[in-house]
Amino acid sequence: MLPTAKIGPYTLPNPLIVAPMAGVTDRPFRLLCRRMGAGLAVSEMVIADSKLWHTRKSRTRMNHQGEPEPRSVQIAGGDPDMLADAARQNAEFGAQIIDINMGCPAKKVCNKAAGSALMKDEKLVQEILEAVVSAVDIPVTLKMRTGWDRDNRNAKTIAKMAEDAGIQALAVHGRTRADKYLGDAEYDTIAEVKASVGIPVFANGDITTPEKARHVLAYTGADGLLIGRGAQGRPWIFREIMHFLETGEHLAAPPLTEVEQILQEHLAELHSFYGEKMGVRIARKHVGWYLQTHDESKQFRSRFNGIEDPLEQKDSIAQYFARLRNGEVFAA
Ligand SMILES: Cc1cc2nc3c(=O)[nH]c(=O)nc-3n(C[C@H](O)[C@H](O)[C@H](O)COP(=O)(O)O)c2cc1C
């Protein structure tokens with residue numbers, strides 16, 4: 001039986017969430033993942049200091065036009081009042097869930113401890129949680145790591161604190177801050193967190209296959225999963241996992257024609273969302289991810305990365321897939 005994932009008043013269509021990834025989970029990617037079966041997609045983090053929101057980067061990050069409900073916006077910072085203010089303003093801009101970032105290993109955001117560095121200062125964590133929850137009347141969620149290093153895995157303490165403060169759901173990445181992205185994620189601490197609180201807990205870290213998804217759900221007892229890097233260049237991972245969880249059988253991999261169609265639509269969205277110049281640049285990393293499983297793609301990618309024109313990008317992808325379908329090896 002699949003768990004039903006709820007966040008406050010929202011029942012998600014399914015328990016698979018796109019993990020927030022700065023520079024990746026922009027509106028085009030979130031919409032694409034939702035179309036491919038994700039139950040929710042959390043926005044890239046918005047820095048809490050609203051003095052920085054006039055930049056083009058911040059404005060595009062706060063664009064949620066056409067996104068299906070519920071819209072979850074992540075905020076990052078280290079100052080309780082600033083975070084409360086950011087939550088309030090983002091709720092006014094259309095956020096329906098506010099997610100607090102205590103999961104990102106970046107040392108500092110705006111010269112203040114933020115992200116997972118906050119986990120070291122439990123008193124400050126409490127102040128932040130209380131300030132943000134009382135600032136808005138929409139659900140607030142918390143994303144964190146298992147602790148700040150392996151000797152100090154305090155996720156359980158913070159989870160309890162969060163529940164008492166009125167946080168509606170937790171996402172736990174199975175690494176400590178000190179682990180950065182090294183080693184394998186561990187799921188014992190996530191299972192302990194889940195067993196110790198009554199609010200929904202979502203497990204996160206290294207979930208890249210349907211089997212792993214089933215294992216992590218069963219092992220942790222979590223209410224759902226957050227999937228980050230496993231969705232880069234493979235947004236269909238959500239429908240693959242859902243199919244496996246529901247039937248125990250693997251969905252066939254998408255045929256090349258479908259991969260091409262998804263990629264072309266994704267490119268077109270990036271070009272129109274960011275404008276031609278920036279869209280072309282942002283498209284490069286996504287194309288790299290889509291093609292990483294194809295042997296000959298490295299040669300192609302280095303040429304593709306030199307293209308500055310959106311139409312040329314589109315044509316070049318069409319040629320690449322035509323050659324791939326014909327079984328030709330791509331010659332640079
Ligand atoms: C490029 C990149 C950007 C990320 N940005 C954020 C972020 O803005 N906020 C956050 O809470 N976590 C961020 N993360 C962490 C992910 O949400 C997730 O916790 C982590 O990647 C582990 O999940 P995965 O193994 O499924 O990728 C980022 C990760 C990556 C790879």
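Counting starts at 1 for both ligands and their atoms, following the listed order.
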If you measure from OG1 on T146 to CE on M119, what distance do you get to the nearest 0.5 Å?
6.5 Å
Using ring centroids (six-membered ring only for Trp), state whether H286 and H266 fall under 6.0 Å.
yes
Could a heavy atom of P20 be found less than 4.0 Å from some atom of ligand 1?
yes
Roughly how far apart are R281 CZ and L270 CG, rounded to 0.5 Å?
13.5 Å
Tell me whether G23 reaches ligand 1 (any heavy atom closer than 4.0 angstrom to a ligand atom).
no
For ligand 1, is any non-hydrogen atom under 4.0 Å from R175's backbone (N, CA, C, O), its side chain (CB onward), both, or neither?
neither
Is the ring pair Y187/Y219 parallel, tilted or perpendicular, if the boundaries are 30 and 60 degrees?
perpendicular
All heavy atoms of S43 vs all of R30, minimum pair found to be CA-NH1, 3.6 Å
Distance-only N or O hit between ligand 1 and G228, under 3.5 Å
yes
Any nitrogen or oxygen of G230, side chain or backbone, less than 3.5 Å from one on ligand 1?
no
Side chain, backbone, both or neither: which part of H173 has a heavy atom under 4.0 Å from ligand 1?
side chain
Looking only at the aromatic ring of each residue, does the gap between the centers of H64 and F93 stay below 6.0 angstrom?
no
With a cut-off of 4.0 Å, which atoms of ligand 1 are near a heavy atom of A19?
17 (O)
Residue M45 vicinity, atoms of ligand 1 by number, heavy atom under 4.0 Å:
8 (O)
Should R284 and E308 be marked as a salt bridge (charged side-chain N to carboxylate O under 4.0 Å, His left out) after you check the CA-CA gap, both sets of side-chain angles, and the distance that decides it?
CA-CA 10 Å; R284 291 176 189 150; E308 298 287 348; 3.6 Å; yes
Specify side chain, backbone, both or neither for D206, according to which of its non-hydrogen atoms lie closer than 4.0 Å to ligand 1.
both
Candidates R229, Q232, K143; heavy atom nearest atom 24 (P) of ligand 1 found on R229
Given G205, A171, A22, identify the one with the heavy atom nearest to atom 8 (O) of ligand 1.
A22
Which of the atoms of ligand 1 are close to Y181, meaning less than 4.0 Å from one of its heavy atoms?
14 (N), 15 (C), 20 (C), 21 (O), 28 (C), 29 (C), 30 (C)
Inter-residue atom distance R35.CZ - E265.CD, 0.5 Å rounding
5.5 Å
